[in-house]
Q: 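Starting off with a structure, shown below.
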Amino acid sequence: MTARILQNPWRLLLAINAAVIAGVLVHKIQLPPYVPYIHLLVDYHFGFIKRALIGAIVALVTDKVPVWLVFALGGATWLVTLGLYARLYQKTFGFTAKTLPLFVFIAGSPFFFKNFMHTLGHFDIYGCALAIILLLMPAGSMLFVATAALFSIVLVLIHHIHLLMYVPTIITIVVTRHYLVYGLTRGNVAFGVIALVLVSALFFAAQFLGTMPIPEADFVAYLKTRMADPSRNDLLQFAYIWYQPLAKEITDTWAWLPHNSLGIPVFALLIWLHTPLWRYFAKLIAALASETHCRLVIAALVGVSLAYLVMFAMVFDYSRWISNWAVCMFLILHAVKMLPAKQETAPIPEEDRKTNVFGLIVTLIPRVGIVRPF
């Protein structure tokens, strides 16, 4: 029996992943929810400002925000996203013994749900969840393009950095599932261009016009009126981010670059450990029935990666950015699988020794982190 498990360990690795996620949750609860908590306090009380949509929605429900709401809201979002992804995987690949290695490499990756558990309460997962919904929706009508535009607007209102983080992936999903399959018409092209312009304009409005219009002391005083425990001044230490201009963010990022760049070899190692997955993805692209589709998918992957490169130059939460980049690659893989193919792509081998070792290492890594690795 032991020999059989070592030869085909994927069910065991799935169970280990569940245990690791539980451990990450316990560790996360012991950490202070600084940024996620303050995002639940900020709303549109003083007019249009950046990063305020989640707090505005919370304000419709309660006047006082307890700390536990960070974990309740974040945990509920995590569970919903996990359920959506399980449905997407079932729709795209199905749950069989042959597809289990692929599921372990994606869902069990330290880039994906394990890191979303570590960053519980942050806004990254909302982009992932909405992108998965688009992958599950029928894509034949303009309603699909309109929904993608609405999702992009919501994400920019949650946090304007989503324009670089998940909006490029949403655009890729729309192009892949709608325009490449159902063709280009004057109407759908015009609608797509207008939607892109509106989302971009909203980003610039949030970035340059969404600064808090009152002194920081008055802002902090208002936030205390929304806190369940106003004495917790430690939870408000990041109020300055609603005042910090883009130039300051870039300056801080480049000042920390020599130190934070020490993690780049670790990120490269983590990406390399997913080699069986990347090989499968490459074969999936090569198997597309249309050479044009193949080239456009490669261009989209480059475009999404360049957006993350810009993020790396602007904000130094490197572990989060590299993790979300990997998640975008996973989601685009699903979109590519939905395109017409000239032949079926062989799944990741179940009994390959090297693949098994990589799968075990990926499973045992609990998370990637927020700024620096681990």
Side-chain angles (χ1 to χ4, degrees), residues 28-78 119-127 129-130 150-166 199 201-253 314-317 320 370-371:
K28 177 63 180 179
I29 292 174
Q30 298 172 345
L31 298 176
Y34 291 138
V35 175
Y37 180 69
I38 197 171
H39 271 90
L40 300 187
L41 302 177
V42 180
D43 57 16
Y44 296 119
H45 181 77
F46 299 105
F48 174 74
I49 58 171
K50 58 188 177 182
R51 307 183 183 191
L53 181 61
I54 298 296
I57 294 173
V58 170
L60 297 176
V61 180
T62 178
D63 293 328
K64 300 292 183 179
V65 181
V67 173
W68 61 258
L69 190 60
V70 172
F71 302 102
L73 182 59
T77 305
W78 188 93
T119 60
L120 203 69
H122 285 78
F123 48 80
D124 315 19
I125 195 170
Y126 293 103
L130 295 183
L150 176 61
F151 284 178
S152 298
I153 289 171
V154 168
L155 289 174
V156 171
L157 290 174
I158 290 174
H159 195 303
H160 50 287
I161 207 168
H162 268 299
L163 186 81
L164 297 171
M165 187 185 300
Y166 276 99
V199 173
L202 179 61
F203 163 78
F204 285 108
Q207 176 65 65
F208 298 106
L209 303 177
T211 304
M212 186 62 63
I214 63 172
E216 186 173 345
D218 294 340
F219 176 48
V220 170
Y222 170 73
L223 295 181
K224 286 186 176 182
T225 66
R226 299 208 57 214
M227 296 175 66
D229 182 3
S231 66
R232 293 288 305 276
N233 292 321
D234 58 309
L235 296 174
L236 300 177
Q237 61 178 286
F238 288 98
Y240 70 88
I241 63 179
W242 275 267
Y243 294 86
Q244 187 164 261
L246 178 61
K248 182 66 166 58
E249 292 181 352
I250 295 175
T251 300
D252 290 346
T253 298
M314 293 171 59
V315 186
F316 55 74
D317 287 0
R320 282 172 62 200
I370 294 178
V371 178

Q: Once rounded to the nearest 0.5 Å, what's the spacing between atom CG of Asp124 and atom OG1 of Thr77?
A: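 Those atoms lie 12.0 Å apart.
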Q: Considering residues, nucleotides and ligands other than Tyr44, do more than 12 of their heavy atoms fall under 6.0 Å from its OH?
A: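 Yes, enclosed.
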Q: Which heavy atom of Met314 sits nearest to which heavy atom of Leu164, and what is that distance?
A: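 Residues Met314 and Leu164, closest heavy atoms: SD-CD1, 4.1 Å.
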Q: Give the minimum heavy-atom separation between Lys64 and Thr62, together with the two atoms involved.
A: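 In this case the closest contact between Lys64 and Thr62 is O-OG1, 2.7 Å.
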Q: So which of Val67, Leu40, Ile38 actually passes side-chain contact (heavy atoms from CB on, under 4.5 Å) with Pro33?
A: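 That would be Val67.
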Q: Do Leu41 and Leu235 make a side-chain contact, defined as non-hydrogen atoms from C-beta onward lying under 4.5 Å apart?
A: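 Sidechains of Leu235 and Leu41: no contact.
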Q: Just to verify, what does Asp63 make a salt bridge (Lys or Arg N to Asp or Glu O under 4.0 Å) with, not counting sequence neighbours?
A: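 By the salt bridge (Lys or Arg N to Asp or Glu O under 4.0 Å) rule, Asp63 matches no residue at all.
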Q: To the nearest 0.5 Å, what is the distance between CD1 (Ile125) and CG (Leu120)?
A: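 Answer rounded to 0.5 Å: 7.5 Å.
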Q: For residues His162 and Phe123, report the shortest heavy-atom separation together with the two atoms involved.
A: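 In this case the closest contact between His162 and Phe123 is NE2-O, 3.1 Å.
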Q: I need the Leu31 CG to Thr119 OG1 distance, nearest 0.5 Å.
A: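 Separation between the atoms: 11.5 Å.
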Q: How close do Leu202 and Phe48 get, heavy atom to heavy atom, and via which atoms?
A: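 For Leu202 and Phe48, the tightest heavy-atom pair comes out as CD1-CZ, 4.2 Å.
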Q: How far does CZ of Phe71 sit from CG of Leu69, to the nearest 0.5 angstrom?
A: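 So the CZ of Phe71 and the CG of Leu69 are separated by 10.5 Å.
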Q: Could you list the residues that satisfy side chain to side chain donor-acceptor pair (under 3.5 Å) with Tyr222, not counting sequence neighbours?
A: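 Testing Tyr222 for side chain to side chain donor-acceptor pair (under 3.5 Å), a comparison that skips the adjacent residues, returns Asp43.
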Q: Once rounded to the nearest 0.5 Å, what's the spacing between atom CG of Leu223 and atom CG of Asn233?
A: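 That separation rounds to 11.0 Å.
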Q: Take Ile54 and Tyr126, measure what side chain to side chain contact (heavy atoms under 4.5 Å, CB included) needs, and give me the verdict at the end.
A: CA-CA 10 Å; Ile54 298 296; Tyr126 293 103; 4.0 Å; yes
Q: Treating Tyr37 as the side-chain partner and Val65 as the backbone partner, does any N or O pair qualify as donor plus acceptor under 3.5 Å?
A: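 Yes, Tyr37 side chain to Val65 backbone: donor-acceptor pair under 3.5 Å.
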Q: Write down the atom of His39, the atom of His159, and the distance for their closest heavy-atom approach.
A: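 Minimum heavy-atom separation between His39 and His159: NE2-CD2, 4.3 Å.
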Q: Among Arg51, Lys50, Gln207, which one satisfies side chain to side chain donor-acceptor pair (under 3.5 Å) with His160?
A: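 The single option meeting the side chain to side chain donor-acceptor pair (under 3.5 Å) with His160 is Gln207.
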Q: What distance separates Ile57 CD1 from Leu157 CG, expressed to the nearest 0.5 Å?
A: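 Rounded to the nearest 0.5 Å, the CD1-CG separation comes to 9.5 Å.
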Q: In chain order, what residues pass the salt bridge (Lys or Arg N to Asp or Glu O under 4.0 Å) check against Lys248, with sequence neighbours excluded?
A: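 Partners of Lys248 by the salt bridge (Lys or Arg N to Asp or Glu O under 4.0 Å) criterion, ordered by chain and then number, come out as Asp252.
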Q: So which heavy atom on Met212 is nearest to which on Tyr243, and how close?
A: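 Nearest heavy atoms, Met212 then Tyr243: CG-OH, 3.2 Å.
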Q: Between Tyr166 and Ser152 (side chain of the first, backbone of the second, donor and acceptor by atom type, cut-off under 3.5 Å), is there such a pair?
A: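 Judged by distance alone, no pair lies under 3.5 Å.
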